[in-house]
Peer 1: 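Provided herewith is a single structure, encoded as structure tokens, for subsequent inquiry.
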Amino acid sequence: MPNLEPPMIVRSLFFAQYRELAGADELRVELPPGASVADLVAELRARANGLSSLPAAPLVAVNMDYAPLATRLEHGDEVAFIPPVAGG
């Protein structure tokens with residue numbers, strides 16, 4: 001039986017070097033219901049743009065809380081990709 005649930009849209013936010021890879025501050029990404037942060041990362045890495053070099057396990061925050069890749073997403077969630085920071 002086909003899945004009749006509509007796809008969900010999540011808002012992906014990019015900062016610093018990730019913004020450069022994405023070529024934008026944010027992207028709205030359509031995912032199947034029940035998708036996780038890992039699915040979002042895979043979807044972004046599969047795109048034929050700079051995001052193909054996005055790390056397989058980037059640091060992310062879902063709705064302003066740090067979240068592991070296994071976190072399930074909901075329609076309307078905001079996922080911020082936090083780039084590594086160098087400093088001393």
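By convention here, the first residue in the shown sequence is residue 1.
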Peer 1: Same cluster or not: Ile82 versus Leu44, using hydrophobic residues (I, L, V, M, F, W, Y) connected whenever any side-chain heavy atoms lie under 4.5 Å apart?
Peer 2: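 Different hydrophobic clusters.
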
Peer 1: Which heavy-atom pair separates Ala56 from Leu69 by the least distance, and what is that distance?
Peer 2: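 So the two residues come closest at O-CD1, 3.8 Å.
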
Peer 1: Please report the closest heavy-atom contact between Leu31 and Leu73, naming both atoms and the distance.
Peer 2: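 Minimum heavy-atom separation between Leu31 and Leu73: CD1-CD1, 4.0 Å.
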
Peer 1: What is the ring orientation for Tyr18 with Phe81, classed by angle as parallel under 30°, tilted 30 to 60°, or perpendicular over 60°?
Peer 2: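 The arrangement is perpendicular - the two ring planes meet at more than 60°.
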
Peer 1: I need the minimum non-hydrogen distance between Ser52 and Arg47, along with the two atoms involved.
Peer 2: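 Where Ser52 meets Arg47 most closely, the heavy atoms are CB-O, 3.9 Å.
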
Peer 1: Does Val10 belong to the same Ile/Leu/Val/Met/Phe/Trp/Tyr cluster as Leu27, with side-chain heavy atoms less than 4.5 Å apart forming each link?
Peer 2: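 Yes, Val10 connects to Leu27 through the hydrophobic network.
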
Peer 1: When you check the gap from the basic side-chain N to the acidic O, do Arg28 and Glu26 get nearer than 4.0 Å?
Peer 2: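 Salt bridge between Arg28 and Glu26, a charged N being under 4.0 Å from a carboxylate O: yes.
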
Peer 1: Look up atom CD in Gln17 and atom OG in Ser53, then write down how far apart they are to the nearest 0.5 Å.
Peer 2: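 OG of Ser53 is found 9.0 Å from CD of Gln17.
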
Peer 1: Using the rule given for side chain to side chain contact (heavy atoms under 4.5 Å, CB included), can you reason through Val79 versus Thr71, listing the C-alpha separation, both sets of side-chain angles and the distance that settles it, and then say yes or no?
Peer 2: CA-CA 11 Å; Val79 181; Thr71 302; over 6 Å; no

Peer 1: If you compare all heavy atoms of Pro55 against all heavy atoms of Pro58, which two are closest, and at what distance to 0.1 Å?
Peer 2: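 So the minimum-distance heavy-atom pair works out to O-CD, 3.1 Å.
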
Peer 1: Taking Leu40 as the fixed residue, which of Asp77, Val29, Val60 is the one that meets the side chain to side chain contact (heavy atoms under 4.5 Å, CB included) rule?
Peer 2: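 The passing option is Val29.
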
Peer 1: If you count the non-hydrogen atoms of other residues, nucleotides and ligands that lie under 6.0 Å from CZ in Arg72, is the total more than 12?
Peer 2: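 At most 12 heavy atoms, drawn from other residues, nucleotides or ligands, come within 6.0 Å of this atom.
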
Peer 1: Can you find a pair of side-chain heavy atoms, one from His75 and one from Pro33, that are under 4.5 Å apart?
Peer 2: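 Sidechains of Pro33 and His75: no contact.
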
Peer 1: If you draw a 6.0 Å radius around CZ in Phe15, do more than 12 non-hydrogen atoms from other residues or ligands fall strictly inside?
Peer 2: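 It does: Phe15 CZ has more than 12 such atoms within range.
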
Peer 1: Can Asn63 and Glu74 be said to form a side chain to side chain contact (heavy atoms under 4.5 Å, CB included), step by step?
Peer 2: CA-CA 10 Å; Asn63 300 326; Glu74 301 289 333; over 6 Å; no

